[in-house]
Amino acid sequence: MRPFQVYDTRTGTVRPFVPRNPPRVGMFVCGLTPYAEAHAGHGRVAVVYDAVARAVRRWGYRLFYVQNVTNVDDKVIDRARELNRDPLELSEHHFRAWLTAVEQLEVRSVNLYPFATDYVPEIVEQVEELVRRGLAYVADGDVYYEVAKFPRYGELSGQRVEALRPGARVQVDPKKRAPEDFVIWKSAKPGEPTWPSPWGPGRPGWHVEDTAITGRLLGPQYDLHGGGTDLKFPHHEAEVALGEGASGRSPLVGYWLHLGMLEMRGEKMAKSVGNVVSLEAAIRIAGPEALRFFYLNAHYRSPLVFDPDRSLAEARQSLTTLGAPYLRLREELGRDGLARPGRELPPDLARAATAMPEQLDGLLANDFATREAIAALFGWSRTLGEWTAKFDTLSGTALATLGAPYRWAAEVLGLFPERSLPRPTADLSSLVRVALDARARARARNDFAEADRLRDALAAAGVVLEDDAGATRWRWRGAEGNP
RNA sequence: GCCGAGGUGGCAGAAUGGUUAAUGCGACGGACUGCAGAUCCGUUUCCUGGGGGUUCGAUUCCCCCCCUCGGCUCCA
């Protein structure tokens with residue numbers, strides 16, 4: 001297991017990571033409330049924690065990664081009512097769309113997406129335990145957590161209960177003993193999905209679902225908890241109070257990893273502002289590889305400016321530059337294979353290539369500094385710049401050696417997925433070659449009108465040409481992740 | 001008001017108590033092209049919100065102020 005360090009919000013410091021039960025690591029990330037289309041900010045959550053999970057696994061830990069789905073809550077119910085749809089069906093629909101989107105983004109590391117409604121028995125059990133311990137009280141079919149009974153409340157976020165401004169955004173519920181108390185079980189209202197409970201039919205409050213799920217799947221104490229920084233308070237603070245209150249053990253979470261917000265030209269991305277770019281649209285505009293690159297091209301804790309007119313185009317250009325040598329390598333290897341004869345690498349270059357993955361791990365092991373790793377990868381692409389013209393002289397093994405840093409990026413950062421490889425369709429390739437020959441002959445007799453006509457026709461068929469010194473290269477459009 | 005995260009070149013965005021403050025985008029120039037594109041090479045010396053302090057030295061550490069973003073108890 002490779003040691004690494006990580007910033008923990010609770011202590012406000014970067015600390016060496018020490019799992020509770022090595023090599024096992026439990027990680028929970030607050031997932032979607034699928035009441036509407038996911039937006040580009042949600043995509044950052046999916047991609048960043050995916051990269052975290054990939055790295056932790058690469059470093060030899062046995063990670064179990066859970067991302068919950070809040071498929072029943074006020075927003076889901078309200079929205080379903082507006083649309084005259086069933087709430088659970090509505091959230092199921094948006095969750096499916098979410099899965100489709102994140103799969104395009106190469107998010108492959110989540111072990112389980114538990115739905116809140118599948119954990120109602122665990123939720124009820126936890127609420128009962130809290131009532132039994134005197135930390136929660138029943139009022140008219142609702143159950144509230146009594147914050148005053150949990151002295152550590154506020155430790156995660158640094159909030160002092162007496163300094164809060166009650167009702168700043170949310171109406172204070174008159175049934176509460178204190179404004180800071182929060183509901184953990186809600187009595188049924190007409191037309192809402194409900195479940196039986198000792199306090200009558202009702203449904204879970206928001207915060208408990210997470211601790212009930214993690215209690216069941218990860219135990220009373222686990223290692224990593226992620227989510228947007230906007231959830232730090234009250235949601236994560238409430239999770240601490242619930243989880244530690246119910247189990248009597250502290251801390252609930254070893255390391256809290258909070259993700260910076262995606263900012264739309266200095267404003268938060270929000271439906272009310274009307275500046276939301278849906279995740280699906282961002283994927284369509286940028287291409288999934290470039291969008292993933294965009295998210296990882298900043299430190300996860302920093303806010304990240306998302307300018308729809310610039311960010312995605314810039315990410316796409318950057319990724320093309322970064323991957324250009326790798327694209328060439330894969331073209332050569334895809335055609336001739338590893339056994340291809342040719343020159344071997346100068347020893348220092350071979351050594352540099354072999355050493356890169358370890359260096360990249362080292363950079364990432366410092367609080368998941370994906371941006372640092374990407375900068376180093378750009379350095380590698382620049383090193384290969386002068387070699388790209390000579391790739392056709394190198395042996396297959398030499399080419400594979402040069403590709404090591406990119407394979408690291410594919411494994412850990414999820415860049416350069418296999419699907420962006422040139423399509424190896426030999427029969428079509430021979431047809432393309434026929435057209436290229438015709439075009440070469442046209443050019444030889446200076447018939448450029450005919451040459452351009454052939455080039456345009458090939459382009460229309462998805463074949464991109466590059467005239468280079470002496471030779472014309474071609475590849476399928478989309479090979480660089482450009483649909 | 002309180003809590004938290006931030007403020008770095010035209011833009012995005014790293015890092016650091018100390019020679020030229022990464023990297024990318026953009027821009028400009030060049031190579032290659034019939035042209036275009038892609039690719040490659042080079043240039044882009046005057047960039048760390050403001051004011052104090054500590055220090056031989058501060059962008060980094062401390063204090064005050066300004067600004068932005070997130071949160072303030074079922075919230076986008």
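Any value given below was found using the heavy atoms of this structure, including those in side chains, with hydrogens, waters and symmetry copies removed.
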Sorted by position of nearest nucleotide on RNA chain B, 5' first, the leading residue of Ser157(A) and Lys189(A) is Ser157(A)

So CZ of Arg328(A) and CZ of Phe391(A): to nearest 0.5 Å the spacing works out to 8.5 Å

Remember a base hit wins even if backbone is also touched, and classify Arg79(A) as base, sugar-phosphate or nothing at under 4.0 Å, heavy atoms.
nothing

Minimum heavy-atom distance between Ile213(A) and Pro114(A), given as atom pair plus value:
CG2-CG, 3.6 Å

Can you tell me how far C1' of G13(B) sits from CZ of Arg310(A), to the nearest Å?
13 Å

What is the nucleic acid contact for Gln317(A), judged by heavy atoms within less than 4.0 Å: base, sugar-phosphate only, or nothing?
sugar-phosphate

Using purine N1 to pyrimidine N3 plus N6-O4 or O6-N4 for Watson-Crick, or N1-O2 and O6-N3 for G-U wobble, both under 3.5 Å, which nucleotide pairs with G6(B)?
C67(B)

Taking CZ from Phe294(A) and C1' from C11(B), how many angstroms apart are they, rounded to a whole number?
12 Å

Sort out the partner of C40(B) for me: Watson-Crick or G-U wobble, both distances under 3.5 Å, none otherwise.
G30(B)

Return the value, rounded to whole Å, for the distance between atom CG of Leu304(A) and atom P of G7(B).
13 Å

Distance check needed: G13(B) P versus Leu312(A) CG, whole Å only.
13 Å

Considering just the side-chain nitrogens and oxygens of Thr321(A), establish if one lies under 4.0 Å of OP1 or OP2 belonging to C25(B).
yes

Opposite nucleotide pairing with U59(B), Watson-Crick or G-U, both atom distances under 3.5 Å:
none

Could you work out the separation of G29(B) and U68(B) based on their C1' atoms and round it to a whole Å?
38 Å

Please give the nucleotide sitting opposite U19(B) as a Watson-Crick or G-U wobble pair, both distances under 3.5 Å, or none.
none

Please report, rounded to the nearest Å, how far the P atom of G13(B) is from the CG atom of Asn297(A).
9 Å

Base, sugar-phosphate, or nothing for Gly205(A), non-hydrogen atoms under 4.0 angstrom?
nothing

Of A76(B), U73(B), U33(B), the nucleotide closest to the side chain of Lys75(A) is A76(B)

d(CG, Leu296(A); C1', A12(B)) in whole Å
15 Å

Mind checking the C1' distance from G7(B) to C65(B)? Whole angstroms is fine.
14 Å

Indicate whether Phe448(A) forms a stack on G34(B); treat it as stacked only if centroid distance is below 5.5 angstrom and interplanar angle below 30 degrees.
yes

Paired with Phe416(A), the ring pair (Phe, Tyr, Trp, His ring centres under 6.0 Å) test is passed by just one of Trp408(A), Tyr326(A), Phe293(A), namely Tyr326(A)

If you compare every side-chain N and O of Arg382(A) against the phosphate oxygens of G24(B) (OP1, OP2), does one of them come in below 4.0 Å?
yes

If you measure from the P atom in C61(B) to the same atom in G17(B), how many Å do you get, rounded?
8 Å

When the aromatic ring centroids of Phe95(A) and Phe115(A) are compared, is their separation below 6.0 Å?
yes

When you compare C63(B) with C47(B), how far apart are their P atoms, in angstrom units rounded to a whole number?
27 Å

Between Tyr7(A) and Tyr255(A), does the ring centre distance come in under 6.0 Å?
no

Tyr7(A) OH - A5(B) C1' separation (whole Å)
8 Å

Which nucleotide in the set A76(B), A12(B), U73(B) lies at the smallest distance from any side-chain heavy atom of Leu231(A)?
A76(B)

Between A5(B) and A15(B), how many Å separate the two P atoms, rounded to a whole number?
15 Å

Are the charged groups of Arg177(A) and Glu146(A) less than 4.0 angstrom apart, N to O?
yes

Closest to side chain of Phe233(A), choosing from C40(B), A15(B), G71(B):
G71(B)

Across the strands shown, which category fits Asp73(A) at heavy-atom distances under 4.0 angstrom: base, sugar-phosphate, nothing?
nothing

Of the listed nucleotides (C35(B), A22(B), U39(B)), which one gets closest to any side-chain atom of Ala324(A)?
U39(B)

When the P atoms of U8(B) and C69(B) are considered, how many whole Å apart are they?
14 Å

How would you label the contact of Asp452(A) with the nucleic acid (heavy atoms, under 4.0 Å): base, sugar-phosphate, or nothing?
base

Consider the side chain of Pro234(A), meaning its heavy atoms from C-beta on, and name the nucleotide among G71(B), G26(B), C2(B) that approaches it most closely.
G71(B)

Using the P atom in both, what is the distance from G18(B) to U59(B), to the nearest Å?
11 Å

Does the ring center of Phe182(A) lie less than 6.0 Å from the ring center of His207(A)?
yes

Taking the P atom in each of A12(B) and U19(B), what is the distance between them to the nearest angstrom?
26 Å

is_close_aromatic(Phe4(A), Phe368(A)), centroid dist under 6.0 Å:
yes

Closest listed nucleotide, where the reference is the side chain of Pro303(A) and the choices are G34(B), C3(B), A5(B)
A5(B)

Under 4.0 Å, counting only non-hydrogen atoms across every strand here, what does Tyr153(A) touch: a base, just sugar-phosphate, or nothing?
base

Taking A76(B), G24(B), G34(B) as options, the one with an atom nearest any side-chain atom of Ser318(A) is G24(B)

Kindly point out which of G6(B), G71(B), C25(B) is positioned nearest to the side chain of Glu314(A)?
C25(B)

Here's a test of your reading of the structure: between Gly385(A) and Arg455(A), which maps to the more 5' nucleotide of RNA chain B?
Arg455(A)

Let's see if you can work this out: which of G6(B), C69(B), A22(B) has an atom nearest to the side-chain heavy atoms of Arg371(A)?
A22(B)

What's Phe378(A) touching, base or sugar-phosphate or nothing? Going by heavy atoms closer than 4.0 Å.
sugar-phosphate

Between atom CZ in Arg316(A) and atom P in C25(B), what is the gap in whole Å?
14 Å

